[in-house]
Amino acid sequence: MSAPASTINETGATTHTWEDTGGGNLWETTVQEDAEGRIVVAHGDTLAQTIRKRRKRLEQNDHSQRNRRVVRDMIRYVYVLIDASRWTRQKDPVLPPGTRLHCILQILQQFIRQYYDQNPLSHLGFIYVKNGEAEILSPLSSNSKAHSLALQSLAQVASTQTPHQAGEFSLQNGLEVAGRSLGHQPRHGSREVVVLTAALSTCDPGYILTDTLPKLKQAHIRVSSFALSAELHICRKLAEETGGTMGVCLDKAHFREWMQGQSVPPPTLKDQVRELSCEMIRMGFPVRVSSEMAESVHATREKTILARTAYICPQCQSKNAELPVDCAVCGLKLVLASHLARSFHHLFPVATFIESPLPSTTNDDVPMTGIPSASVAVSSSSVALKMDYLSQLDGKLLISAKDDERCCFACLRPFHATAAEIISPTLQQDGEALRMQCPDCQNYFCIDCDAFLHETLHNCPGCLRK
Amino acid sequence: MRFDLDGLEVFFPYDRIYLEQHQYMRCLKQSLDAGGHCLLEMPTGTGKTVCLLSLITSYQYANPSAGKLIYCTRTVPEMNHVMEELATVLDYRARMLHPEQPSEVEISCSSGDMEDIGGTTADRSSKRARKVYRREDSGKAPMGPSSSRAGAGGSGVLALCLSSRRNMCIHERVMAESDREAVDSACRSMTASWVIEASQKKPGSMETCAYYDNFQAAGESTSMPSGVYDLDELQKWGKSRGWCPYYLTRQAINHANILVFNYQYMLDPKVAKLVSKELGAESIVVFDEAHNIDSVCIEALSVTINDRGLEQATRSLGRLSSEVSRLKASDSQRLQQEYQNLVNGLIDQGLIQAPANDAALASNVLDPDVLNEAVPGNIRRAEHFVQFMRKVVEHLKTRLRSVAGPTGGVRSETPLAFLHRMTNGTSLETKPLKFAYSRLSSLLRTLQVSNLDDYNALTDIADFVSLLATYSEGVAKFAIIMEPNSSAIPGVTDPVIQLACLDSSLAIAPLFKRFGSVIITSGTLSPIDLYPKLLQFEPCISESLSMSTFRPCIRPLVITRGSDQLAVSTRYEDRGDMGVVRNYGAMLVELCSTIPDGVVAFFTSYSYMESLISEWDAIGILRELTKSKLVFIETKDVVETTLALDNYRRACDCGRGAVFLSVARGKVSEGINFDRHYGRAVIIFGVPFQYTLSHVLRARLEYLQTHYQIREQDFLNFDALRQASQCVGRVIRSKTDYGLMILADSRYTRHDKRSKLPKWILQFMDDSCINLSTDMAIAHVKSFLRLMGQPVDQEALQSVLLTVEEVTRMNPARPTISAGEGGAMIMDEHNSAAMASSSA
C-alpha cells in the first residue's frame, strides 16, 4: 500500500518540464497525426496568417480599435491583483521559463512602463494574494520605480517558498482590499482592478456575488480578469457585470498583448457619464528649479531625498522630485503639458486600417524596365514627385509615388518585400504580403507601419497631410 | 423569417436559422406529408422545440384539415418551456400575417434575437428577459392569455397544457395540501357527483368547490378564447372567471389545436382513457426527449406487489365489506341498482357514461383488449365480489410467503402458469379475474368513496389480476418474477411479485395505429435503428442530424488507461482491482485540478459509487479532491439530492468549484442540465450497463431475442450507450457554451460501443481523442479550455446561421409550382374565411 501515496504526490503540479506532455514544445505542435493516423508535419501558420489572427484578436479585445471617439477616462486608478497562491507556483508549458508567478511578474514589469507611458496622469498599485489573504504590495501611486522594486522583492520571496506555503487564492479578499482602497479615490477617475490569476477555485470567506459585487458596482469599480489556465466563471461574471474584460491565456505573447490592451484607458461607464457629466479637475503646472546645492525634496509623501532639481508646486510652493505626481503637501495634481497631450491621443484614435489585398499584377504588366534606375534614390520628403513608378531594382528598394498602390505610404517600401526580407534577402517569403488601407485618407500602409502608427505614433500621416 | 420549404410556407420566429434546423424541418414535413411516423435525433441546444412548433403550426395553418398537435413532454418545466416557445412562434406568425398590428412586440423580439440567435438559448438571462417581457404584455391585456392578440389576429389557435390537479388547482384550501394524492382526494371530496347531488339537495351540508360549481353552472357554454395558455395563464384565467382550470382544460381539450402534456396522458392506459380517448386520428403526436420511451411504455404496464401492499389490501377489503353492509342497511336501493346495471352489462359497454369528474379509476388493460361483455354473475353482488378479492389476496400472500420461505428463491413464471396455479389454489375461474378491475371501480363509485388513495393497494391487485387474466393467452408478453429480496440492502427479506411487461410495443402500439403521424425525437436516439424494432413500427423517416458549429465546442475524450498505463474499466472482473480504483481516483483528482467550476462524474451504479468512494477515502484521494473542489454526492433520497444540487450550483457560482458524484441511471442523469459553468466537464466512469443479473431484465432480453431477434448484447450495448450519451449530453445546451465529455473506460475505444454514440458527438471525436491515458487527456483538456476561453467570434457565429436568402437558395426553386402552392394557400385562407363567415 505504498503505491497510493506516491500517486497522490504525483497528482499535484508537474515538477519537471520533461514530464509535461502539454502541447508546449515544437515537436507536439508541428508533428501530428491526421485523420487516417498518418504522421504529418503540420506547417504552422504563415506570417500573414499569424498577423491576421492577432489583428482579429486585437479588434475583439481592444477598446481603442473597435470603437472610435468614445469618452474615455483619462485619469485611472488601477490595482493589479496578483495571484501568488499555490496555483501560480507551478510551471506552465505555455509560459516558459520558470513558474507562472515569475512570468506574471516579468510581464508586469513591462506593463508598468507601458502603463505610465500611455496614462501619465494615472495611478497604479499592486496587491498580491496568497494563503487566502490579500495584501497591498505597493499602494496606488504614480511612482514606477517603487512598483518595480516591489515586484522584484515579491519575486525573490516567492522563489524561496514551496508551493505548499503559498496556499489558496481568494478572489473576494483581493477585491475587498482593492475596493477599500479604490473607494477613497476621486470619483472622476476610472477605478479598475485587473486580476491575474491561475487559480481554478477561490477560497472565500463569504459569497462573492451577493457580498462583494454590489459594492463594486456601487463604487463603479471595473474588474477585468486574465486567467492563465482556464476561464473561471466568477471572473467572467464579474467582468460582465462591472464592464471589464475577460481573457484566457493562450501563450506568453497573448498574455503580453492583453496586458498591453489594459494600458489603454477604457471607455467611461455609461451610468457614470450621466452622473458626472462635467467636473473640474484642478491641476498644477509646476516650475522646474535647479540649484547648485542639493536640497531636501519630497520624493513621496513619507520620504524626502536630497536632490538638485525639483518641481515647485504652484499652490503651496513645496518641492517635488518627479512628475507627474500628487503634491506631497497639498495633494494638487502636478503635471506637464506634455503629459496631458500624451493622454489626449486616446480620445482621437487612429482608425483601424482595413486589409486590402494587393492587386495581382506581375512584372510583365508594369513597365518596370522603362524606368531610369540609377539616380533616383528618393527620400521620403519628396513624396510630391509626380512620377508614377520609380524603382531601383537592385534590392535596395527605393520607390516613391504619390498615390502608388504598391508601396507603403509611410515607409515607402514595396509591399511584397517585408522587413525580414530586407534584412536577409535569402529568406523565403511566404508568398503573401499584407497591405492595409486607412479608411479615411485611403492611403496604403505596410503591416509594420500599421503597428507603429497605431501603437506608438497614434497619428496617421496620410490624414494629417490633408 | 418566413420562408418556403418544399412548398410549405414556414413561419420561423427568428431572423436566422441553423442548417440542421432546416434539415430537421424538412424531415418533419416529409413525414407529415407521407402521413407516417418518424424518428429524429438532433443535438440538444440547437432549438429543436422551436423547429417542431413552428413547422407543425405552419403545417396546420396551411392544411386546416391537419389535426391537433399533441406534444408530450416528460416534466412540468419542459412543458412550460414548450408553451413559452409556442407563444413566440404564434406571436410571430400573427405579426407576419397582420403587419398592421402594433409593432412594439416586434421591436422587443428583435432585440431578443440579437442575443438569442436562431432559437437557441444562448444565454439564460436573455431568455428570462423575454419571458418578463411577455408577462408585462399580458399585464396590459387584462384578459390574460399571453397572445390573445395573436389569437385575434387570425391564427385562432387555442393551445393548452394539462397537468395534474396539484399544478392546476386554484382552490385555496386544496392548494395548501402537500402532495399529489392529497390534492387529488381533497378535490374529489368536493367535486364528486354524489357530493354535488347532496349539496344540491341540502345546500351547505357538504363543502363543495366554488370554482367547480361555477364551471358546472356555466355548463357547455364555457369556451376559451384562442391563445396560448400555460399553467400560470390557465390559473389566472380560471380565477378571473371563477372556473376550475383543471376541469375547464379537460373539457376544452376537444377544441384545442395544440395540447401539451405529460407522456402518461398518452401512454399510461389508466390516464389515457380519461384524456386522449377522443383525440382525432389525424392528430400529430410528438414525443419530445423520447430516448427512454420504451422504458416508459413498459413501466406503464408493469405492476409490483409486495407484502405491505397485500396487508393494506386486506385492510381495505375489510373496510369495503363493512361499507357494503352499512349501505345495505341504509340504502340498499343503490346497491340493487348497481347490480341491475351490471346484469345488463351497461357500464362496461359504455352505455352509461360515468360523469367526468368521477371517472378516476380506469384499468391498465388496453382498450382493444377489454372484453365487451357483461360482468360474470359470481362477482355481481358486492359482497360476493369482496369475498372473491379476499381469496385472490390470500392466494397472493401464500405465494409471496413461499417465495420468501426456506424453499423459496427467485422464480420466474409465465402468466399462464401463474394463473393456472391461482385458479387451482383458489378454485376461482379465469374469466371473472379479467373483470376484477372494472368491478372494483364500479363498487367504489357506488359506495361513494372519495379518498381513493386508501384503496391504492387494492386497486393495484385488481389491476394485477386483470392484466394477468387478459394477457395470459398466446405469446407471453409478460413475465411474473418473484424475488425474495427486491431491495438492495442485504439481509432484509422484502419479497415481491412483479408482473413485468416485456414488450415495449404493447403500450404504444395503439398510438401508432390510431394516429397518422407520431414523431419521436430527442437529443440522443442513437443507435436509431433499434427503436423501430423495440416499438414495432415502421418509421417513414429516421434521421440523425449533426451539429453545425463555428468552433469545436465539445471535446469528447476516451480515457482508457491511467497514468501508469494500466487499463481502466468497470468490467465486473476489474472492479475490485486496487489499480483501477487508484487510477480512477487519480484521474478524477487530476481532472478536477485542471477544470474550473463544475465537474460532474457519473458512476455505473449506487453500489459501485459507494464502494469506490470508500476506497478513495481510505487512500486519501477524497482529501486531495477537496483541495480543488467541493464534493457533492447523489443519494437515493430525492430531497437530499436536491439540496446537494442546490449547493453544488452555489459552489459553482461563487467560484469555489465543485464536483458532483452521481449515478448514470439516477435522477440527476435525466432532466437536470449541467450547462455552462455548472458542468465544464462530464466524466463517466465505466459503461453504464443495466444490472444484468436482474431477473426482469433477463426475462426481457430473452423475449427480445426470441420475438424480435435483437441479440442480448446488442440491446445491452444500446441501452448502456444511450444512457452514457444522455449523461454526457447534459453538458451542453447552446452553441456558445462549451464542455468536455470524458468517457473513462477501456471498452469505449471498441468500435461497437463508440459507433453507437450520437452523430453530433462523434463528429467531434477524432482519432486523437480516443485511447488516451490520463496525462495525455489532461494535456488535451488544458489546451481545449484555453481555446474555448477566448471570446466568441460573433462573425463566425453569424456565419453558421442561415439567412432567408440562403434558405431560399437551398430550396431548389421551382417557380411555377411554388407560385401555385402559394396561390393554393391564399385560396385556403379565403376558404377558411368563407367558412368562418358562413358558420357565423
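Since the model is a prediction, treat every value here as computed from it, not as a measurement.
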For residues [X] and [Y], report the shortest heavy-atom separation together with the two atoms involved.
X      : Y      : result
B:L787 : A:L250 : CD1-CD2, 4.1 Å
B:Y738 : A:E231 : OH-OE1, 3.0 Å
A:L232 : B:G655 : CD1-O, 4.3 Å
A:S201 : B:R656 : CB-O, 2.8 Å
B:C654 : A:T202 : O-OG1, 4.3 Å
B:I595 : A:L200 : N-CD1, 3.8 Å

Practice task
Check step by step if side-chain contact (heavy atoms from CB on, under 4.5 Å) holds for B:R786 and A:H254.
Solution key: CA-CA 11 Å; B:R786 284 219 160 97; A:H254 181 224; over 6 Å; no
Handout entry: Residue pair A:K237, B:D597: steps toward the salt bridge (charged side-chain N to carboxylate O under 4.0 Å, His left out) verdict
Key = CA-CA 12 Å; A:K237 177 100 183 163; B:D597 299 321; over 6 Å; no
Problem - Side chain, backbone, both or neither of B:S628 within contact of chain A (heavy atoms, under 4.5 Å) - result: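 Both the backbone and the side chain of B:S628 come within 4.5 Å of chain A.
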Practice task
Would you mind checking which part of B:R623 comes under 4.5 Å of any heavy atom in chain A, side chain (CB onward), backbone (N, CA, C, O), both or neither?
Solution key: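 Answer is neither: B:R623 stays 4.5 Å or more from chain A.
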Exercise for the section: Could I get the full list of side-chain contact (heavy atoms from CB on, under 4.5 Å) partners for A:K130, not counting sequence neighbours? Expected result: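 Counting only residues at least two positions away or on another chain, A:K130 forms a side-chain contact (heavy atoms from CB on, under 4.5 Å) with A:A84, A:R89, A:Y128, A:Q161.
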Problem - Residue-level interface, residues 163-179 of chain A with chain B, non-hydrogen cut-off under 4.5 Å - result: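 A:H164, A:E168, listed by number.
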Handout entry: B:R676 vs A:R236 side-chain heavy atoms within contact, under 4.5 Å
Key =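 Counting from C-beta outward, B:R676 and A:R236 never come under 4.5 Å.
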Practice task
For B:K782 and A:V94, run side-chain contact (heavy atoms from CB on, under 4.5 Å): C-alpha distance rounded to whole Å, both residues' side-chain angles, the deciding distance at 0.1 Å, then the answer.
Solution key: CA-CA 10 Å; B:K782 279 183 181 165; A:V94 300; over 6 Å; no
